[in-house]
Student: 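Pasting a structure below so you can have a look.
So you know, we letter chains A, B, ... as the sequences are listed, proteins then strands, and number each from 1.
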Protein chains: 2
Amino acid sequence: MGVRYGIGEVAARTGVSVHAIRFYEREGIIGPAERLPGGNRTYSAEDIDWLDHCVVLRGSGLSVKELCRYRELVRRGDGTESERIALLAEHARRIEHRQRLLDQALQLVRHKIAVYEDVLEGTANIRCIPGGDGAGAGDRRR
Amino acid sequence: MGVRYGIGEVAARTGVSVHAIRFYEREGIIGPAERLPGGNRTYSAEDIDWLDHCVVLRGSGLSVKELCRYRELVRRGDGTESERIALLAEHARRIEHRQRLLDQALQLVRHKIAVYEDVLEGTANIRCIPGGDGAGAGDRRR
DNA sequence: GTAGGACCTAGAGTCCGGTCTAGGTCAATG
DNA sequence: CATTGACCTAGACCGGACTCTAGGTCCTAC
């Protein structure tokens, strides 16, 4: 048991470049990899799993720094759970916030697309308000 | 009619810093502002609306460059609708992709939080797999 | 008339998150 | 034994998106 993987293989499996993996190690997102006699890094399946998690978390906007902090808490082990929860809960809030922004943006984009499509179909080419972009969202404050 | 606003006021209303507004102008995201005799920029309500849209689009990950391109199409006016649609549709796809990533991340985060909460409640402190972070998601390929 | 505040320009600086380079080691292969 | 390929290190470099600085102009109000 205990299959091990070279850095290139890990890169291929996770989609993280070899450079980025080393960078993550330097930054402390992933622990110092074990080395083969000769100095090459080797990784276990668990290392890959952790890296996969990192990809997901980074992809959702968790900064390298926060990710380091999280890993440090995990490394320190017992007694850090509530800090981990705090960190993750904070991040969950940020994700939810981003989701709302994305929803809003998607609506705006779809609305604009619809307007342009109408224009193309001639349905609405009554030559609208000059100066406008012809695709206002109309849902502003003020 | 035709109330006009100074750059500071626009900044306050849109949440975009004065610096960033000038930066956006240099980059071409917003057109060269009209000037008061004396050189100060003034903005109309429509300018503010456009800037608000820009905020939403930027916030959803549309790059400054793409936003410039979009504004350029709008400026060129009639005949650019299908290009605008293409650009926006492409962006809509990116937003949807980001949404999926965020959903995935949110699930992971919530799962981890739940696991740590269980640990805190003593429900699960059977001292788990050493080396694990105690909050694996278990939904990996491989 | 001088202080304060809002604004101006050009351009330098910052932060983030990688990415790339140069120069080198090591193991297997033809 | 020369080449190839995967890997190594330290550190320079990059693109994106601002942000800030320095030095200056106006206008209003005391």
Side-chain angles (χ1 to χ4, degrees), chain A residues 3-44 47-48 51-71 91 94 98 101 105, chain B residues 3-44 47-48 51-71 91 94 98 101 105:
Chain A
V3 204
R4 309 206 50 101
Y5 307 85
I7 196 169
E9 205 162 348
V10 174
R13 277 169 198 258
T14 59
V16 178
S17 78
V18 168
H19 287 304
I21 294 172
R22 289 196 281 245
F23 169 72
Y24 282 1
E25 180 176 324
R26 277 204 298 285
E27 298 296 295
I29 283 179
I30 56 182
E34 280 180 40
R35 302 301 182 113
L36 251 31
N40 288 18
R41 291 170 175 84
T42 39
Y43 299 88
S44 66
D47 292 336
I48 295 180
L51 189 48
D52 276 326
H53 284 191
C54 290
V55 169
V56 173
L57 293 172
R58 282 287 305 114
S60 64
L62 193 68
S63 70
V64 168
K65 202 164 133 194
E66 286 277 83
L67 203 37
C68 283
R69 210 169 78 76
Y70 179 56
R71 172 172 169 274
H91 187 52
R94 283 192 301 246
R98 294 242 67 219
L101 292 182
Chain B
V3 205
R4 308 205 51 100
Y5 307 86
I7 197 170
E9 205 161 349
V10 174
R13 279 170 197 257
T14 58
V16 178
S17 78
V18 168
H19 286 306
I21 293 172
R22 289 196 281 245
F23 168 72
Y24 282 0
E25 181 177 323
R26 277 204 298 284
E27 298 296 296
I29 284 180
I30 55 182
E34 280 181 38
R35 303 299 181 113
L36 251 31
N40 288 18
R41 291 171 177 84
T42 39
Y43 299 88
S44 67
D47 292 337
I48 295 180
L51 190 48
D52 276 327
H53 284 191
C54 291
V55 168
V56 172
L57 294 171
R58 282 286 307 115
S60 65
L62 192 69
S63 70
V64 168
K65 204 164 131 194
E66 285 278 83
L67 205 35
C68 283
R69 209 167 81 74
Y70 178 56
R71 172 172 168 274
H91 186 53
R94 283 193 301 248
R98 294 241 67 217
L101 291 181

Student: Considering heavy-atom distances to DNA chain D, does N40(A) or R26(A) have its closest nucleotide positioned more toward the 5' end?
Tutor: N40(A)
Student: Are any of the side-chain heavy atoms of V10(A) and V16(A) separated by less than 4.5 Å?
Tutor: no
Student: Rounded to whole angstroms, how far apart are CD on E66(B) and P on dG16(D)?
Tutor: 11 Å
Student: Need one value for G38(B): base, sugar-phosphate or nothing, where a base atom within 4.0 Å counts as base even if backbone is also close, heavy atoms only.
Tutor: nothing
Student: Between atom CZ in F23(A) and atom C1' in dG11(D), what is the gap in whole Å?
Tutor: 13 Å
Student: Which of these nucleotides, dT19(D), dC20(C), dC8(C), is closest to any side-chain atom of A20(B)?
Tutor: dT19(D)
Student: Are OP1 or OP2 of dG17(C) and a side-chain N or O of Y24(A) less than 4.0 angstrom apart?
Tutor: no
Student: Checking all strands, does R35(A) fall into the base, sugar-phosphate, or nothing category for heavy-atom contacts under 4.0 angstrom?
Tutor: sugar-phosphate
Student: Under a 4.0 Å threshold between the charged nitrogen and the carboxylate oxygen, would R22(B) count as salt-bridged to E25(B)?
Tutor: no
Student: When the distance from CD1 of I21(A) to P of dC20(C) is rounded to whole Å, what number comes out?
Tutor: 15 Å
Student: Please examine the side chains of Y5(A) and V3(A), heavy atoms only from C-beta on, and report whether any two atoms are closer than 4.5 Å.
Tutor: yes
Student: Taking all atoms of both residues into account, what is the closest heavy-atom pair of E27(B) and C68(B), and its distance?
Tutor: O-SG, 2.9 Å
Student: Start at the 5' end of DNA chain C and walk down; is the nucleotide closest to G6(B) or to G61(A) reached first?
Tutor: G6(B)
Student: Consider the side chain of H19(B), meaning its heavy atoms from C-beta on, and name the nucleotide among dG11(D), dT19(D), dC8(C) that approaches it most closely.
Tutor: dT19(D)
Student: Which of the following nucleotides, dC8(C), dA17(D), dC7(D), is nearest to the side chain of I7(B)?
Tutor: dC8(C)
Student: Classify R22(A) by what it touches in the nucleic acid, base, sugar-phosphate, or nothing, heavy-atom distance under 4.0 Å.
Tutor: base
Student: Between dT9(D), dT9(C), dC7(C), which one does the side chain of R41(B) approach most closely?
Tutor: dT9(C)
Student: NA contact type, R58(B), heavy-atom cut-off 4.0 Å: base, sugar-phosphate, or nothing?
Tutor: sugar-phosphate
Student: Judged by atom type as modelled, is there a donor-acceptor pair below 3.5 Å linking the side chain of R98(A) to the main-chain atoms of G61(A)?
Tutor: no
Student: So, is S17(B) close to the dC18(D) phosphate, meaning a side-chain N or O under 4.0 Å from OP1 or OP2?
Tutor: no
